[in-house]
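Step one of this worksheet: look at the structure below.
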Amino acid sequence: MQEVLKTVYQGILHGNLEGVQESVGEAVQAGLDADNILKGGLIPAMTEVGRLFEEGEYFVPEMLVAARAMQGGLEILKPLLVEEDVKPVGKVVIGTVKGDLHDIGKNLVAMMLEGAGFEVIDLGTDVSPDKFAEQAREKGADIVAMSALLTTTMTNMMVTIKAIEEAGLREKVKIMVGGAPLTDEYAIQIGADGYAADASQAAKLALSF
Ligand code: B1M
């Protein structure tokens, strides 16, 4: 790995937002392609962050600051990636389901998905089934990702899957779900394509589709 990419990588692991922005800027100045900086610095760093989280070395706060640092670098790269016509690995429409205002976990999942190379369209919280379906169609999503933190709102995932079916999109999109009250069994029961227990697993699951 080139020296400047190592600095980007280390900056993300340490959650050093300014440091990452600075070193991404240096990498661009040095003439590296945005795609190279993304795939050689940002994505490997977030993969390592996911590993450290799964091994219990990193907790949610470390993961959050790392993801913010990664996003800081990504902001600089985004216009360059568009210029270079670099395609994302896939497009994800994500949101917290209707009636639910919890968004910390969902935001973390969205950041890990970006870190894995996906384009993420974040619909926010309290997202109605129709809005999920409409946005999945409008944005040409490959994946619809739903988060729920309440036992009273997780049932809206099933309603959303029905809305996606009724919109004629079920064959076109993979549906993944997550959130504290969810289980694998529940995901299967409501007809989702997959469940992830945490943000790191969510990125792996999305890449596996
Ligand atoms: Co609320 N809340 N809350 N709350 N809240 C919980 C969830 C609760 C368990 C607390 C408790 O009673 N012990 C409880 C739910 C009980 C239940 O349904 N069984 C609860 C309740 C009852 C409520 C209210 C009803 C309280 C009230 O008003 N009486 C109310 C509901 C409001 C609403 O949504 N309509 C409410 C409100 C709030 C706040 C607004 C104050 C705030 C949310 C702020 C915000 O999100 N911006 C809040 C918070 C912070 C919590 C707790 C304390 C923390 C949640 C959190 O952010 N965790 C929570 C108790 C707890 O979990 N200890 C609680 C950290 C986050 C990183 O983890 O969200 O689990 P988590 O996300 C993880 C995984 O779940 C997974 O990956 C993430 C990262 O690894 N994941 C996915 C999440 N989404 C995923 C999607 C995927 C894959 C993985 O694929 C698509």
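Quick note: numbers below take in every heavy atom, side chains included, and nothing from hydrogens, waters or symmetry partners. Counting from 1, the numbers follow the sequence of the chain as shown.
- In this structure, the separation between CD on E75 and CG on L17 is 10.0 Å, given to the nearest 0.5 Å.
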Which is it for Y195 and L205 under the side chain to side chain contact (heavy atoms under 4.5 Å, CB included) test, yes or no, and what are the steps along the way?
-> CA-CA 8 Å; Y195 156 78; L205 175 65; 5.7 Å; no

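- A salt bridge between R170 and D193 is present, with a side-chain N of the basic residue lying under 4.0 Å from a carboxylate O of the acidic one.
- Residue V20 is grouped with residue V49 when hydrophobic side chains (ILVMFWY) are merged at heavy-atom distances under 4.5 angstrom, including chains of intermediate members.
- Here the CZ-CG distance, from R68 to L74, works out to 15.0 Å after rounding to the nearest 0.5 Å.
- The nearest pair of heavy atoms linking A133 to A167 is CB-CB, 4.2 Å.
- A heavy-atom distance below 4.5 Å is found between the side chains of F209 and M176.
- Using a 4.5 Å heavy-atom threshold, the side chains of L207 and F118 count as touching.
- The closest side-chain donor-acceptor pair between K139 and Q135 falls under 3.5 angstrom.
- Between the side chain of T155 and the backbone N or O of T151 there is no donor-acceptor pair closer than 3.5 Å.
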Check step by step if side chain to side chain contact (heavy atoms under 4.5 Å, CB included) holds for Q2 and K6.
-> CA-CA 6 Å; Q2 278 167 280; K6 268 191 204 153; over 6 Å; no

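- Summarising the geometry of I76 relative to Q21, their closest heavy-atom pair is CD1-O, 3.4 Å, with the distance given to 0.1 Å.
- Both L169 and V177 are assigned to one and the same hydrophobic cluster, defined by single-linkage of ILVMFWY side chains at heavy-atom distances under 4.5 Å.
- A donor-acceptor distance shorter than 3.5 angstrom exists from the side chain of E62 to the backbone of F59, with no hydrogens or angles considered.
- Checked by atom type and distance alone, the side chain of D142 pairs as donor or acceptor with a backbone atom of K91 at under 3.5 Å.
- When side chains are defined from C-beta on, K87 does not count as touching E119, because their heavy atoms never get closer than 4.5 Å.
- I12 and L64 end up in the same hydrophobic cluster when Ile, Leu, Val, Met, Phe, Trp and Tyr side chains are linked at under 4.5 Å.
- In this structure, R137 places its CZ atom where only 12 or fewer heavy-atom neighbours from other residues, nucleotides or ligands lie under 6.0 Å away.
- With a 4.5 Å cut-off on side-chain heavy atoms, L101 and T96 do not count as touching.
- Between D122 and A110 the shortest heavy-atom distance is OD2-CB, 4.5 Å.
- Side-chain contact check for H102 and D100: at least one donor-acceptor pair (N or O, by modelled atom type) lies under 3.5 Å.
- The structure places CE of M157 at 8.0 Å from OG1 of T160, a figure rounded to the nearest 0.5 Å.
- E22 places a side-chain heavy atom less than 4.5 Å from the side chain of E26.
- The shortest non-hydrogen separation linking A141 to V173 is O-CG1, 3.2 Å.
- When each of E114, E84, E83 is checked for a salt bridge (charged side-chain N to carboxylate O under 4.0 Å, His left out) with K78, only E114 meets the rule.
- Judged by distance alone, with hydrogens and angles left aside, the side-chain atoms of D126 form a donor-acceptor pair with the main-chain N or O of G99 at under 3.5 Å.
- No side-chain heavy atom of I94 sits less than 4.5 Å from a side-chain heavy atom of V127.
- Y58 places no side-chain N or O within 3.5 Å of a backbone atom of E48 that could act as its donor or acceptor partner.
- Linking Ile, Leu, Val, Met, Phe, Trp and Tyr residues whenever their side-chain heavy atoms come within less than 4.5 Å leaves V65 and M46 in two separate clusters.
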Verify side chain to side chain contact (heavy atoms under 4.5 Å, CB included) between V28 and L77, making sure each step is shown before the conclusion.
-> CA-CA 9 Å; V28 172; L77 292 183; 4.3 Å; yes

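- Taking the charged nitrogens against the carboxylate oxygens, R51 and E55 do have a contact shorter than 4.0 Å, which makes a salt bridge.
- Checked against M146 for a side-chain contact (heavy atoms from CB on, under 4.5 Å), the options T153, I175, L182, I190 give a single hit: I175.
- The side-chain contact (heavy atoms from CB on, under 4.5 Å) test with L32 is passed by exactly one of V24, I37, V8: I37.
- Residues V109 and I121 do not share a hydrophobic cluster, defined by chaining ILVMFWY side chains whose heavy atoms lie under 4.5 Å apart.
- Of all heavy-atom pairs between M70 and M111, the closest is CE-O, 3.1 Å.
- The shortest non-hydrogen separation linking A206 to L113 is CB-CD2, 3.5 Å.
- Under the 4.5 Å side-chain criterion, counting only non-hydrogen atoms from C-beta, M154 is not in contact with L150.
- Judged by distance alone, with hydrogens and angles left aside, the side-chain atoms of N156 form a donor-acceptor pair with the main-chain N or O of K98 at under 3.5 Å.
- Under the 3.5 Å distance criterion, with hydrogens and angles disregarded, a donor-acceptor pair is assigned to the side chains of E54 and Q201.
- Between V86 and D33 there is no side-chain heavy-atom pair separated by less than 4.5 Å.
- Side-chain atoms of D198 come within 3.5 Å of backbone N or O of S200 as a donor-acceptor pair.
- Between the CG atom in D130 and the CD atom in E166 there is a gap of 8.5 Å [rounded to 0.5 Å].
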